[in-house]
Amino acid sequence: MTIARDSDENTRNLCSHRQSLRSLMSTANITATQAPVTTIREIGRHEGQAVTIRGWLYNLRESGKLLFPIFRDGSGVIQGVVAKNAVSPEMFDSVKKLTQESSVIVTGKVRADKRAPGGYELDVSDVQVVQPVPESDPFPISLKEHGVDFLMEHRHLWVRTPRQASILRVRAEIIKAARDFFDDRGFILTDPPILTPAACEGTTTLFPVDYFGEQAFLTQSGQLYIEATAMALGKVYSFGPTFRAEKSKTRRHLTEFWMVEPEIAYATLDDLMKLAEEFVAFIVKRALERRRPELETIGRNLAPLEKIDTPFPRITYDEAVKMLQEGHAKGELENRFEWGGDLGSPDETYLSSKFERPLMVHRYPAAVKAFYMEPDPQRPEAALCVDMLAPEGYGEIIGGSQRIGSYELLLKRIREHGLPEDAFRWYLDLRKYGGVPHAGFGMGIERVVTWICGLEHLREAIPFARTLTRIYP
RNA sequence: UCCUCAGUAGCUCAAUGGCAGAGCAUCCGGCUGUUAACCGGAGGGUUGUAGGUUCGAGUCCUACCUGAGGAGCCA
């Protein structure tokens with residue numbers, strides 16, 4: 001039994017309330033030892049029995065001599081019922097005075113009830129208050145709507161709400177699915193460094209770090225490093241955070257986000273596209289199988305997700321350009337797209353809206369893509385690369401390519417891009433000592449979570465989002 | 001970096017250039033099945049900041065600050 005000390009001025013006015021809680025708690029101890037401790041998620045197994053749950057008060061409704069405290073414990077939410085004539089007056093009064101998000105240990109009898117959203121209610125016989133939230137300083141996040149900035153300012157408390165907690169559970173499932181997928185297919189997890197030397201792809205998008213007096217940067221991709229481990233282990237992947245100092249102010253961008261990146265020796269672009277579609281289909285299926293209740297809590301329309309299956313549609317960049325130009329001619333797109341540019345956000349949305357499954361666009365012009373991509377031997381101005389666009393306007397979730405195999409060509413590209421040759425010595429070595437055709441892609445976890453959960457903003461898809469304007473909490 | 005919009009009570013928002021308001025939250029009271037419960041009452045304000053126009057500015061003008069959405073860039 002724990003009780004908060006009177007360490008805060010705000011809690012002083014609670015003293016009389018606290019006195020009654022203390023006397024309540026001396027009897028509560030006995031009850032707590034009699035009933036088995038369970039979680040709300042598992043509570044159905046104890047129908048008709050007295051159980052103890054440990055959690056927080058989510059909300060309290062009352063109707064005269066009936067109280068309806070709603071408890072949450074991280075596994076779920078359940079409504080308790082306290083009738084005035086069924087408990088002691090002290091007990092009734094204590095529950096009546098409970099404040100939102102006070103931590104509580106609750107004992108009661110589990111009863112099936114058709115009116116309850118979760119199927120069960122708890123006839124409360126005892127409540128121990130672990131720490132009361134002071135009346136003078138109530139929990140800031142009410143059940144009513146709030147603005148984005150306010151919620152982000154209170155993210156550490158916002159995560160307690162059912163919707164946010166559900167999103168985090170889906171995220172965890174997606175990450176586990178990604179790891180299971182690669183682990184089960186013989187991929188080896190190799191963690192690339194987060195601190196990297198010198199500039200790799202242009203310093204403006206990198207976060208500089210002082211490394212014992214030397215300039216270093218936070219990684220913006222583990223790809224170059226897992227190309228090295230792929231040459232050692234054949235099939236590898238990495239899963240970790242990446243950092244982009246881009247000044248992007250949109251709902252699709254974070255400055256710190258998590259990526260899954262597989263890299264495979266002796267793989268071609270076609271192998272990569274097959275892997276990517278199987279991977280994404282696997283993740284969607286897993287989320288539907290294991291996190292359906294959470295997706296429903298979030299309010300996700302599951303019908304579009306149920307349609308996700310292999311094979312995914314594939315179009316070349318050239319075909320995409322044709323579609324975009326036709327779209328412009330029909331008045332469905334504002335600007336006419338010309339061959340040679342990278343697809344913009346409205347272009348991606350338009351293209352993916354024509355399909356119910358994720359769309360793979362391949363063979364972009366080499367000029368708009370990264371320096372390490374292998375040119376198409378059939379058409380050297382195009383790169384052997386692929387972007388996967390999620391349906392429903394969620395945009396790019398995967399970017400990948402076959403990597404340049406030739407030492408000479410890679411060196412040429414590094415020079416063309418004005419990159420520091422010295423910093424890439426090790427990367428060039430991979431083409432000097434037994435280079436092979438190889439390919440890989442990166443998938444942004446938050447973008448996938450946003451799509452699968454049907455969210456408006458990427459910042460809800462990660463526990464603590466880092467954006468251009470926010471590094472608190 | 002550019003474009004657009006916003007900033008008023010703890011929160012979400014109203015207020016024709018003319019007395020700064022409502023709902024929620026908090027507190028007090030009522031209700032034996034409430035589902036963001038409901039009903040009655042109370043307290044709660046340097047209208048983002050600094051100037052300006054005006055008899056009078058939350059409202060109009062200028063600058064700045066903060067935030068949001070979008071573009072570019074990207075996953």
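None of these values were measured; they are calculated from a predicted model. In what follows, chains carry the letters A, B, and so on, assigned in the order in which the sequence lines appear, proteins first and then strands, with residues in each chain numbered from 1.
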Before giving the answer on side chain to side chain donor-acceptor pair (under 3.5 Å), spell out for A/Thr268 and A/Asp270 the whole-Å C-alpha distance, their side-chain angles and the decisive distance to 0.1 Å. CA-CA 5 Å; A/Thr268 63; A/Asp270 283 344; 5.2 Å; no
Using heavy-atom distances to pick each residue's nearest nucleotide on RNA chain B, tell me which of A/Asn59 and A/Arg111 is more 5'. A/Arg111
Should A/Tyr372 and A/Glu227 be marked as a side chain to side chain donor-acceptor pair (under 3.5 Å) after you check the CA-CA gap, both sets of side-chain angles, and the distance that decides it? CA-CA 11 Å; A/Tyr372 49 71; A/Glu227 282 187 52; over 6 Å; no
Is A/Glu121 reaching over with its side chain to a backbone N or O of A/Asp113, donor-acceptor style, under 3.5 angstrom? no
So A/Asp342, base contact, sugar-phosphate only, or nothing? Heavy-atom distance under 4.0 Å. sugar-phosphate
Would you indicate, yes or no, if B/G67 has its OP1 or OP2 atom less than 4.0 angstrom from a side-chain nitrogen or oxygen of A/Arg459? no
How is A/His457 classified with respect to the nucleic acid when contacts are heavy atoms under 4.0 Å: base, sugar-phosphate, or nothing? sugar-phosphate
Determine whether a donor-acceptor pair (one donor, one acceptor, N or O, separation below 3.5 Å) exists between the side chain of A/Ser345 and the base of B/G72. no
What residues 163-179 of chain A contributes to the RNA chain B interface at heavy-atom separation below 4.0 Å is none
Any donor-acceptor pair under 3.5 Å between the side chain of A/Asp149 and the base of B/U66? no
Atom pairs under 3.5 Å, N or O on each side, protein against nucleotides 4-11 of chain B: can you list them with distances?
unit_1: B/C11; atom_1: O2'; unit_2: A/Glu145; atom_2: O; d: 3.4
unit_1: B/C11; atom_1: O2'; unit_2: A/His146; atom_2: ND1; d: 2.5

Given that A/Gly64 and A/Asp387 both sit by RNA chain B, which one's nearest nucleotide is further toward the 5' end? A/Gly64
Base, sugar-phosphate alone, or nothing: which one does A/Thr242 contact when heavy atoms must sit under 4.0 Å apart? nothing
Is A/Phe257 stacked on the base of B/A75 when the test is centres under 5.5 angstrom and planes under 30 degrees? yes
Side-chain ion pair, A/Arg470 and A/Asp149, N-O less than 4.0 Å: yes
Scan A/Glu62 against the nucleic acid and name what it touches under 4.0 Å (heavy atoms): base, sugar-phosphate only, or nothing. base
Return yes if the base of B/C74 and the side-chain atoms of A/Arg447 contain a donor-acceptor N/O pair under 3.5 Å, otherwise no. yes
